[in-house]
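Keep in mind that what you see is a predicted model, and the values were worked out from it rather than measured.
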Amino acid sequence: MFVAACRRASRPGRPTPVSSGRNRGKPQAGGVTPDDLGVHPGRDWFTVLSGTVVLYLGERVIRVEAGQAASFSTMTPHAVRGDRGPAEILVILDHNGERSHLRT
């Protein structure tokens, strides 16, 4: 999964309404189960810098390719996975998303 390992790109300690992070990921074997889908208050936005990712959003499965972006309410169960090869995303999270996704 991408976002769980996301590195913070914005400056810590600075009061901003959003945080950003960049992550490189590889596809994971197997499908996505309901336990893989997370929910939390807020909104996430990401753009694919290279490769292709699959956004699992509720019951929808959306391929997002390099140069494309996605934005969604994080109260919808969601997960992001690499598709068929390495990929890199830039993610922008509100404070709720930062607490849920970024590791310090």
Side-chain angles (χ1 to χ4, degrees):
M1 182 129 148
F2 274 85
V3 182
C6 200
R7 293 176 301 161
R8 185 185 181 109
S10 52
R11 290 184 173 180
R14 289 269 177 122
T16 59
V18 296
S19 294
S20 61
R22 188 179 100 198
N23 190 291
R24 294 180 186 156
K26 297 179 182 176
Q28 293 178 321
V32 171
T33 68
D35 290 338
D36 296 325
L37 302 175
V39 296
H40 55 86
R43 221 167 154 75
D44 283 1
W45 176 92
F46 71 86
T47 187
V48 180
L49 301 174
S50 65
T52 301
V53 300
V54 178
L55 169 61
Y56 297 88
L57 192 59
E59 296 195 12
R60 297 173 60 194
V61 178
I62 305 162
R63 290 184 79 235
V64 186
E65 299 179 358
Q68 296 179 328
S71 175
F72 54 93
S73 166
T74 55
M75 290 304 292
T76 302
H78 61 282
V80 178
R81 298 276 174 94
D83 183 36
R84 300 184 201 142
E88 184 174 21
I89 63 172
L90 173 67
V91 63
I92 297 177
L93 309 165
D94 65 10
H95 288 297
N96 292 312
E98 178 181 358
R99 285 193 301 271
S100 298
H101 292 303
L102 294 183
R103 306 289 188 252
T104 54

Is T52 reaching over with its side chain to a backbone N or O of V64, donor-acceptor style, under 3.5 angstrom? no
Student check: side-chain heavy atoms of D36 and R81 closer than 4.5 Å: yes
Closest heavy-atom pair, L55 versus A70, reported as atoms and distance to 0.1 Å, is CD2-CB, 3.9 Å
Are any side-chain N or O atoms of T47 and backbone N or O atoms of L90, one a donor and one an acceptor, separated by less than 3.5 Å? no
Backbone N/O of R43 and side chain of S73: donor-acceptor pair under 3.5 Å: no
CD1 of I62 to CG of D83, rounded to nearest 0.5 Å, is 13.0 Å
In terms of hydrophobic clusters joined by side-chain contacts under 4.5 Å, are L37 and V61 together? yes
Any side-chain heavy-atom pair of I89 and V48 under 4.5 Å: yes
Here the pair of heavy atoms bringing H78 nearest to D44 is NE2-OD2, 3.9 Å
Taking all atoms of both residues into account, what is the closest heavy-atom pair of R63 and R84, and its distance? NH2-NH1, 3.5 Å
Looking only at atom types and distance, does a side-chain atom of T76 sit under 3.5 Å from a main-chain N or O of L57, one as donor and one as acceptor? no
Mind checking side chain to side chain contact (heavy atoms under 4.5 Å, CB included) for S50 and listing every partner two or more places apart, or none if nothing turns up? E88
